[in-house]
Each structure stands twice: as structure tokens, then as C-alpha cells.
Q: 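My structure is below; once you've seen it, I'll send some questions.
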Amino acid sequence: MRFLLVDGHSVIHAWPELRQLHVRAAKRYLAREGLLKRMRLLQDLTGERVVVVFDGRGGKVSDEREAEGVQVFYSDDSISADGVIERLAAKYAQQVTLRVCTGDGMVWETVGALGAGWISPETLAYEVQLAEGDLGRRL
């Protein structure tokens with residue numbers, strides 16, 4: 001089984017169309033929703049399970065699984081999204097094929113040392129574009 005672990009805010013800040021939405025507090029949820037929509041499409045078309053991790057949402061780490069199957073983690077006050085990503089990589093990198101998408105060099109060094117692969121937010125954008133093109137050809 002293949003997994004893609006996505007640093008949500010890292011990708012939002014790297015993709016211009018999502019970054020523009022995220023700048024305005026009232027529209028931040030639209031940036032998250034835009035990312036999750038694209039991750040659902042990628043998961044559906046590639047079969048690679050997608051897990052998205054966002055910073056902070058209360059006093060404990062929480063996770064949600066959408067009906068479409070994308071799993072979303074929110075870090076708590078005591079650990080950042082980077083910390084959640086590193087812990088997940090430490091736990092699963094030797095058990096499954098795991099790639100991590102982040103723009104944070106320290107995180108990709110850590111997950112690489114743990115045995116996970118790494119892709120940049122720009123590479124992820126390219127993969128999403130390919131998936132969207134593939135869907136267009138299928139339709």
C-alpha cells in the first residue's frame with residue numbers, strides 16, 4: 001500500500017491560488033477545502049492513500065476521515081504539524097511505501113532518514129495537474 005503524507009499549510013503557502021485565499025482570515029477555510037478537493041482527486045485517480053496534516057485545532061491531536069477517504073490530522077497545542085508528520089513517518093515508513101510532501105527542509109531530512117520519500121509542493125502540484133488531465137481524457 002502507498003501513502004502520501006501532506007503538510008497542509010506548507011502546500012497552501014506554496015501554491016499561489018491557495019496562498020491568496022489563506023491570506024484573508026475569513027477565507028482560510030477555502031484554502032483548506034481547495035487543497036482537500038485536489039487531494040481527493042489525486043487519491044481517487046492514483047490509488048495512493050492521502051493523509052493531510054494541518055497545524056493546531058485545540059487541546060489534542062485529532063483526525064478525521066472524509067467520506068471520500070482522505071484522512072485529515074490536526075495537531076494540538078503541544079505539537080506542530082511537522083511533529084505529527086515526523087511521528088507518522090517514524091511509525092509507518094518501514095511498513096508501507098510512504099512519501100511526504102513538505103516545503104520544510106528540516107522535515108524532509110528527518111523523514112528521509114526514517115525511510116520515507118519526499119516530494120516538494122511544486123512536484124505535488126504537477127502530479128495533481130497530471131491527474132486532472134488524465135480525468136479530462138477519461139471523460
Side-chain angles (χ1 to χ4, degrees):
M1 183 165 278
R2 296 177 8 227
F3 284 84
L4 173 62
L5 192 52
V6 177
D7 180 344
H9 287 116
S10 181
V11 173
I12 285 172
H13 290 291
W15 292 5
E17 69 279 7
L18 297 181
R19 183 176 56 242
Q20 189 173 33
L21 291 171
H22 195 266
V23 169
R24 301 169 83 191
K27 302 239 180 194
R28 286 192 179 138
Y29 76 95
L30 293 174
R32 288 189 300 272
E33 289 302 315
L35 175 62
L36 293 174
K37 178 182 175 184
R38 289 180 179 107
M39 294 304 95
R40 275 185 226 107
L41 173 72
L42 187 67
Q43 178 174 283
D44 290 347
L45 292 175
T46 66
E48 186 172 35
R49 296 299 312 246
V50 177
V51 178
V52 181
V53 182
F54 291 107
D55 278 312
R57 190 172 171 181
K60 64 178 187 162
V61 174
S62 63
D63 91 89
E64 305 168 0
R65 185 176 304 274
E66 298 183 329
E68 294 85 5
V70 170
Q71 189 170 9
V72 181
F73 280 91
Y74 293 92
S75 67
D76 66 13
D77 297 333
S78 68
I79 186 171
S80 67
D82 294 346
V84 172
I85 290 167
E86 289 169 352
R87 287 181 182 186
L88 290 170
K91 185 171 183 176
Y92 295 109
Q94 298 301 317
Q95 299 172 23
V96 298
T97 301
L98 178 65
R99 298 187 307 155
V100 175
C101 176
T102 182
D104 186 320
M106 298 270 300
V107 174
W108 66 258
E109 282 184 25
T110 301
V111 300
L114 294 167
W118 168 79
I119 63 170
S120 69
E122 294 77 20
T123 299
L124 181 61
Y126 178 72
E127 289 182 8
V128 169
Q129 288 174 348
L130 288 177
E132 290 170 343
D134 184 45
L135 178 63
R137 284 187 295 282
R138 288 181 188 189
L139 295 176

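Predicted, not measured: the structure shown is a model, and the values here were computed from it.
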Q: Would the distance check show the side chain of Trp108 and the main-chain N or O of Val100 forming a donor-acceptor pair, the cut-off being under 3.5 Å?
A: no
Q: Applying the 4.5 Å side-chain criterion to the ILVMFWY set and letting contacts propagate, would Val96 and Ile85 be lumped into a single cluster?
A: yes
Q: Working to the nearest 0.5 angstrom, can you tell me the gap between Trp118 CH2 and Thr123 OG1?
A: 6.5 Å
Q: Please examine the side chains of Arg87 and Ile79, heavy atoms only from C-beta on, and report whether any two atoms are closer than 4.5 Å.
A: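 When only atoms from C-beta onward are counted, Arg87 and Ile79 do touch, with a gap below 4.5 Å.
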Q: Test your reading of the model: is there a side-chain donor-acceptor pair from Arg19 to the backbone of Ile12, 3.5 Å cut-off?
A: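 It does not hold such a pair.
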Q: List the atom of Gly103, the atom of Ser10, and the distance in Å for their closest heavy-atom pair.
A: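 Closest approach of Gly103 to Ser10, heavy atoms only: N-OG, 2.7 Å.
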Q: Counting only heavy atoms not in Gln20 (residues, nucleotides, ligands), do more than 12 fall under 6.0 Å from its CD?
A: no
Q: Which atom pair, heavy atoms only, marks the closest approach of Ala93 to Gly115?
A: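 Minimum heavy-atom separation between Ala93 and Gly115: CB-C, 3.9 Å.
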Q: So, taking the atom named CD in Gln129 and the one named CG in Leu42, what distance separates them when rounded to the nearest 0.5 Å?
A: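 Taking CD in Gln129 and CG in Leu42, the distance rounds to 12.0 Å.
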Q: Restricting to side chain to side chain donor-acceptor pair (under 3.5 Å), what partner residues turn up for Glu17, sequence neighbours left out?
A: none
Q: Leu88 versus Phe3: any side-chain heavy-atom pair under 4.5 Å?
A: no
Q: Nearest 0.5 Å please: distance from the CG atom of Leu124 over to the CZ atom of Arg99.
A: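 Those atoms lie 7.5 Å apart.
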Q: Taking side chain as C-beta onward, heavy atoms only, is Leu5 less than 4.5 Å from Tyr92?
A: no
Q: Over all heavy atoms of both residues, which pair between Gly69 and Arg49 is shortest? Give the atoms and the distance, please.
A: O-NH2, 2.8 Å
Q: So, do Met1 and Gln95 sit near enough that their side-chain heavy atoms are less than 4.5 Å apart?
A: no
Q: Considering non-hydrogen atoms only, spot the tightest contact between Glu132 and Leu41 and give its length.
A: CG-CD2, 3.2 Å
Q: Is any side-chain heavy atom of Met39 closer than 4.5 Å to one of Val128?
A: yes
Q: Side-chain donor-acceptor pair under 3.5 Å between Ser78 and Asp76, yes or no?
A: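 Asp76 and Ser78 do have a side-chain donor-acceptor pair below 3.5 Å.
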Q: Between Phe54 and His9, what is the ring plane arrangement, given parallel below 30°, perpendicular above 60°, and tilted in between?
A: perpendicular
Q: Tell me the closest heavy-atom pair linking Ala14 and Glu122, and the distance in Å.
A: CB-OE2, 4.1 Å
Q: With hydrophobic residues grouped by side-chain heavy-atom distances under 4.5 Å, do Tyr126 and Val52 end up in a single group?
A: no
Q: Same cluster or not: Val84 versus Leu114, using hydrophobic residues (I, L, V, M, F, W, Y) connected whenever any side-chain heavy atoms lie under 4.5 Å apart?
A: no
Q: Tell me, do Thr46 and Leu4 make a side-chain contact under 4.5 Å, heavy atoms counted?
A: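 Thr46 does not reach Leu4 side chain to side chain.
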Q: Heavy atoms only: give me the nearest Leu98-Ala89 pair and the separation to one decimal.
A: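 Smallest interatomic distance, heavy atoms only, reads CD2-CA, 3.7 Å.
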Q: What distance do Asp55 atom CG and Ser80 atom OG have between them, rounded to the nearest 0.5 Å?
A: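 These two atoms lie 6.0 Å from each other.
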Q: Roughly how far apart are Glu86 CD and Asp104 CG, rounded to 0.5 Å?
A: 8.0 Å
Q: Measure the CG-CD distance between Leu36 and Gln43 for me, rounded to the nearest 0.5 Å.
A: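 One gets 11.0 Å once the value is rounded to the nearest 0.5 Å.
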Q: Could you walk me through whether Leu18 and Arg38 pass the side-chain contact (heavy atoms from CB on, under 4.5 Å) test, one step at a time?
A: CA-CA 11 Å; Leu18 297 181; Arg38 289 180 179 107; 3.5 Å; yes
